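Let me begin by presenting the structure, written as structure tokens, before commenting on it.
Atoms within each ligand, like the ligands themselves, are counted from 1 in listed order. Since we're looking at a predicted model, the values are computed, not measured.
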Amino acid sequence: MNIAVYPGSFDPITNGHLDIIRRASRLYDKVVVGVLTNTSKRPMFEKSQRVDFIKRSTADLGNVEVAFFEGLLVDFLRKENAKVIIKGLRATSDFEYEFQMALVNKQLCPEVETVFLSSSEKFTYLSSSVVREIGRLGGDVSMFVPPEILGDVNRAMHGE
Ligand code: PNS
């Protein structure tokens, strides 16, 4: 079975992430979305909520699982029996950092491959931090996050 891991903070999941998950789910037998708390960022949403948001947004995708992980990404891949890391690239500015991470992960675990999917042109501007900023300032995030989680995201961000 060809298993891929799509890692990230997903604070919260955006339509850009969902597009990558959907496309990856057509390429691999199973996609495990690996949710972690980045040690250098304080998340807006609790990890259990971030996992729940992704589960609800991907409920129609039978070969997608969602799990929280801590520690090294390559250790999570070993645990999940996965050989592929999926990353979405929005622009060339993402490339340098992602290329470095791909090389580090290859060094840590040579049998792992990082596969880059180019983000859809509709979502090149989108990131979780943009969603958090707009939400914090009272803006409408309905075109940026999956409809299944919009109510909860709004409630968490401005108590609606
Ligand atoms: O959504 P993010 O916060 O940009 O995702 C970053 C993530 C989770 C992909 C990255 O922080 C990661 O892989 N962390 C796991 C720790 C690790 O394995 N580090 C070594 C590789 S540089």
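At a 4.0 Å heavy-atom cut-off, ligand 1 touches Leu36 through the side chain alone. If you look at Asn38 next to ligand 1, the close heavy atoms, those under 4.0 Å, all belong to the side chain. Contacts of Gln100 with ligand 1, taken as heavy-atom pairs under 4.0 Å, are absent altogether. Contacts between Asn105 and ligand 1 below 4.0 angstrom, taking non-hydrogen atoms only, involve the side chain exclusively.
For atom 17 (C) of ligand 1, the nearest non-hydrogen atom from the set Thr39, Asp11, Leu73, Leu103 comes from Leu73. The residue from Lys87, Glu98, Lys41 that puts a heavy atom closest to atom 9 (C) of ligand 1 is Lys87.
Of all protein heavy atoms, the one closest to atom 20 (C) of ligand 1 is Leu72 CD2, 3.9 Å. Closest protein heavy atom to atom 10 (C) of ligand 1: Met101 CE, 3.9 Å. Closest protein heavy atom to atom 2 (P) of ligand 1: Ser9 OG, 3.5 Å. With hydrogens left out, the protein atom closest to atom 16 (C) of ligand 1 is Gly71 O, 3.6 Å, a heavy atom. The protein atom (non-hydrogen) at minimum distance from atom 5 (O) of ligand 1 is Gly8 CA, 3.5 Å.
Polar contact check, Tyr97 against ligand 1: no nitrogen or oxygen pair lies under 3.5 Å apart.
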Please lay out, stage by stage, how Arg42 and Thr37 fare under the test side-chain hydrogen bond (donor to acceptor under 3.5 Å, both in side chains). CA-CA 8 Å; Arg42 213 191 108 82; Thr37 296; over 6 Å; no
Salt bridge (Lys or Arg N to Asp or Glu O under 4.0 Å) for Arg78 and Asp75? Distances and angles first, verdict last. CA-CA 5 Å; Arg78 285 193 191 100; Asp75 289 337; 2.7 Å; yes
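Taking the six-membered ring for Trp, Phe10 and Phe53 have ring centres at least 6.0 Å apart.
A side-chain contact (heavy atoms from CB on, under 4.5 Å) with Cys109 is found for exactly one of Leu73, Val104, Val74, namely Val74. Among the candidates Asp19, Ile20, Leu18, the single residue satisfying the side-chain contact (heavy atoms from CB on, under 4.5 Å) test with Arg22 is Leu18. Just one of Val84, Val64, Ile3 meets the side-chain contact (heavy atoms from CB on, under 4.5 Å) condition when paired with Tyr28; it is Val84.
Residue contacts with ligand 1 do not include Gly34, since none of its heavy atoms lies under 4.0 Å from the ligand.
We find that Glu113 and Lys106 are joined by a salt bridge, their nearest charged nitrogen and carboxylate oxygen being less than 4.0 Å apart. A salt bridge links Asp11 and Arg132; the closest N-O separation between the charged side-chain nitrogens and carboxylate oxygens is under 4.0 Å. Using a cut-off of 4.0 Å between Lys/Arg side-chain N and Asp/Glu carboxylate O, Lys87 and Asp94 are scored as not salt-bridged.
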